[in-house]
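Everything below concerns the one structure shown next.
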Amino acid sequence: MSSDVAFQSSIGAGPSFTYGIDEVLTACPRSGKLLDVQYDWNRVPVPSSLKEFEARWSRRGNPLDFSGVWRFRELLPFAPDNQIVTIGEGQTILQNSPQVARYAGMNTGCLFLQYEGLNPSGSFKDNGMTAASTHARMVGAKVAACASTGNTSASLAIYAGVTGLFKVIVFVGSGKIAYGKLSQALDYGALTLQIEGDFDDALKQVQAVSKEAGIYLCNSVNPFRLEGQKSIMYRVLEGLGWEIPDWIVVPGGNLGNSSAFGKAFIELKQLGLIDRIPRLAVINAAGANTLYELYEKGGLRWNNGSPDEALVDSFYRSMDSENRRAKTLASAIEINRPVNLEKCLRALDACDGVVREVSDEDILDAKAQVGAGGFGCEPASGASVAGAKLLRQQGIIAPSDRVVCILTGHQLKDPSATVHYHAGNGQTGGSGADSAEKFQNRPVAVPNNMETILDVIRKMR
Ligand code: F0G
């Protein structure tokens, strides 16, 4: 496919500035706004129905057709086939979960879990990183960097390690990322900088360093990355036999996913490939709830591309003056300054969206239920199930609605959170050292003695 059908353009109302895809930009140099990758759809051979993409699977010997991102490549047509960087991402599953449906108060058959933890690096980030790596290759980047709460860094590092196309530097907040994720960046060979501070500090720093040193930046301000993340929605629709669910529920951190999902649906509707857009629920952790505060309490809206910037500025000013820092056990979404805020507002507008906040305790209980009735997930992902449960309680989601909760990261990313929860050592935000978490499954200490072990087993039921 020819790459000149694609271009970059600034978002929002006012003049739309456009740039070629050969330019490496993370914001519009003229308006300061985020950039989108846009296409001249009249020149793209888009299939007449989504079902046509199914034929690709029978040709999965071709790595581009095997990839759960690139088999939809006509919907993100910015790269010629021979430039695409893929490591087999996007082989993920949409699972109907009766157990989790029961927990959330939904009818059996109505709640689905989309397991993005099944990606090569164990999180949804690979959907985006395959696209960012492709663009990095197209522009000849030799060094790439990101700031991360752990998953972006693991993902960028695996793409660099497997392909050998570029070197990687990752910036992580010191003590702020789960061990599973840190271990990945180290193992995959990334230069790992643990900087004093949290993710918000690390992101600010990596942006400045990348600009200064001409390093290719792979955070979600990179518009190419979000193109890849659109494919999560294509696979959800595929998992539902191309039917449209009523709700997509997703945790919100830097708001890349929610932004990408909104763009995916806007485009599919524009292309006549879907006839309606599902509703979107973005779930913040209560300790990192900027979007919730601004959208639900402050009434901030997309407003045809002119969101109230003064409201956002004054929110951040008071956050800074009170030195309010994000704080949640769901470390992946411990973010107070979501860079994709405006794109997320656009998505919420297009998808008639809502935003909720949930406590760490609710997040971990929901996570335990996903573990007990599904493949498991990391804490941040539990926020989507906790959010669906809350929206059901509030009567916003009906029991018969079809709801898809996005499970963004693998359970083994953060084993400490899981073990602390089940072992009940009081580090999970529950009510104290000896308090039982709601769905606790304590390990049982036994002597190395058969009789005692049999005694314990007999009492099992
Ligand atoms: N869930 C997980 C497991 C994540 O790692 C992240 C973000 C999110 C949800 C939030 O997604 O930013 O698109 O709203 N992790 C980033 C990182 C920030 O550095 O790995 P978002």
Side-chain angles (χ1 to χ4, degrees), residues 114-119 121-129 132 145-158 170-173 176-178 180-182 184-185 190 192 198-203 206 217-222 225-226 228-230 232-233 248-263 280-285 288-292 326 328-341 343-344 347-348 353 355 358 363 366-367 370 376-387 405-414 417:
Q114 174 69 14
Y115 285 101
E116 288 303 313
L118 298 178
N119 273 291
S121 81
S123 87
F124 74 91
K125 302 285 180 181
D126 296 351
N127 294 288
M129 217 49 84
C146 69
S148 185
T149 56
N151 282 325
T152 304
S153 46
S155 182
L156 178 57
I158 202 176
V170 305
F171 288 56
V172 298
K176 287 291 186 183
I177 81 172
K181 305 175 189 184
L182 179 60
Q184 288 181 287
T192 304
D198 59 14
F199 173 81
D200 294 313
D201 298 316
L203 182 57
V206 77
L217 185 64
C218 288
N219 281 100
S220 49
V221 286
N222 177 329
R225 220 190 84 183
L226 296 190
Q229 287 172 221
K230 294 188 306 190
I232 301 171
M233 292 301 100
I248 302 289
V249 190
V250 65
N254 226 1
L255 307 178
N257 256 345
S258 43
S259 299
F261 297 175
K263 186 169 187 283
L280 179 67
V282 183
I283 313 300
N284 273 162
N289 64 353
T290 296
L291 181 67
Y292 175 72
T328 167
L329 285 164
S331 58
I333 51 174
E334 195 174 56
I335 296 171
N336 255 355
R337 287 180 178 273
V339 290
N340 290 298
L341 178 63
K343 283 187 177 175
C344 178
L348 289 164
V355 181
V358 290
I363 286 175
K367 176 194 161 310
V370 173
C377 64
E378 69 166 278
S381 313
S384 58
V385 170
C405 293
I406 310 299
L407 300 182
T408 45
H410 199 283
Q411 183 185 37
L412 298 178
K413 288 278 190 175
D414 189 356

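The residues of the chain are indexed from 1 along the displayed sequence. It should be emphasised that the depicted structure is a prediction, and the values quoted were computed from it without experimental measurement. Start at 1 and go down the list; that is how both ligands and their atoms are numbered.
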Inset, instruction - Verify side chain to side chain donor-acceptor pair (under 3.5 Å) between Ser220 and Asn340, making sure each step is shown before the conclusion. - result: CA-CA 7 Å; Ser220 49; Asn340 290 298; 2.8 Å; yes
Legend entry - Distance from atom 4 (C) of ligand 1 to nearest protein heavy atom, with residue and atom: Ala332 CB, 3.4 Å
Legend entry - Distance-only N or O hit between ligand 1 and Gly252, under 3.5 Å: no
Inset, instruction - Report yes if Ser381 has an N/O atom closer than 3.5 Å to an N/O atom of ligand 1; otherwise report no. - result: no
Inset, instruction - Could you tell me whether some N/O pair between Ser148 and ligand 1 is separated by less than 3.5 angstrom? - result: yes
Inset, instruction - Quick one: look up the protein heavy atom nearest atom 5 (O) of ligand 1 and list residue, atom name and how far away it is. - result: Asn151 ND2, 2.8 Å
Legend entry - Protein contact to atom 2 (C) of ligand 1 [nearest heavy atom, distance to 0.1 Å]: Thr408 OG1, 3.3 Å
Legend entry - Ser258 N/O to ligand 1 N/O under 3.5 Å: no
Legend entry - Distance from atom 11 (O) of ligand 1 to nearest protein heavy atom, with residue and atom: Phe124 CZ, 3.6 Å
Inset, instruction - List every atom of ligand 1 that sits less than 4.0 Å from any heavy atom of Thr152, numbering the atoms from 1 in the order shown and giving each element. - result: 16 (C), 17 (C), 19 (O), 20 (O)
Inset, instruction - Select one of side chain, backbone, both or neither to describe which atoms of Ile335 lie under 4.0 Å from any atom of ligand 1, heavy atoms only. - result: side chain
Legend entry - ligand 1 contacted by Asn340 (non-hydrogen, < 4.0 Å): no
Inset, instruction - Name the closest protein heavy atom to atom 21 (P) of ligand 1, giving the residue it belongs to and the distance to 0.1 Å. - result: Leu255 N, 3.4 Å
Legend entry - Qualifying residue, where the test is side-chain hydrogen bond (donor to acceptor under 3.5 Å, both in side chains) with Glu378 and the options are Lys181, Lys367, Lys413, Gln411: Lys181
Legend entry - ligand 1 to Gly409 polar contact by distance, N or O atoms, under 3.5 Å: no
Inset, instruction - Give, for atom OG of Ser121 and atom CD1 of Ile158, the distance between the pair rounded to the nearest 0.5 Å. - result: 5.5 Å
Inset, instruction - Starting at OG of Ser153, measure out to NZ of Lys125 and round the result to the nearest 0.5 Å. - result: 9.0 Å
Legend entry - Heavy-atom nearest neighbour in the protein, as seen from atom 13 (O) of ligand 1, with distance rounded to 0.1 Å: Asn257 N, 2.8 Å
Legend entry - Glu378 N/O under 3.5 Å from ligand 1 N/O: no
Legend entry - Atom indices of ligand 1, in the order listed, that fall short of 4.0 Å to a heavy atom of Asn254: 12 (O), 14 (O), 21 (P)
Legend entry - Atoms in ligand 1 with a heavy atom of Gly256 nearer than 4.0 Å: 12 (O), 13 (O), 14 (O), 21 (P)
Legend entry - N/O donor-acceptor pair under 3.5 Å between Asn254 side chain and Gly256 backbone: no
Legend entry - For ligand 1, the portion of Lys181 having any non-hydrogen atom under 4.0 Å away: neither
Legend entry - Val206 and its side-chain contact (heavy atoms from CB on, under 4.5 Å) partner, picked from Asp201, Asn219, Val172: Asn219
Inset, instruction - For Ile333, counting its heavy atoms only, list the atoms of ligand 1 lying under 4.0 Å from any of them. - result: 8 (C), 9 (C), 10 (C)
Legend entry - Atoms of ligand 1, numbered as shown, that sit under 4.0 Å from any heavy atom of Ala380: 1 (N)
Inset, instruction - Can you pull out the closest protein heavy atom to atom 7 (C) of ligand 1? Residue, atom name and distance to 0.1 Å, please. - result: Lys125 NZ, 3.0 Å
Inset, instruction - Please check if the side chain of Ser259 supplies one atom and the backbone of Leu255 the other of a donor-acceptor pair under 3.5 Å. - result: yes
Legend entry - Non-hydrogen side-chain atoms of Asn222 and Leu217 separated by less than 4.5 Å: no
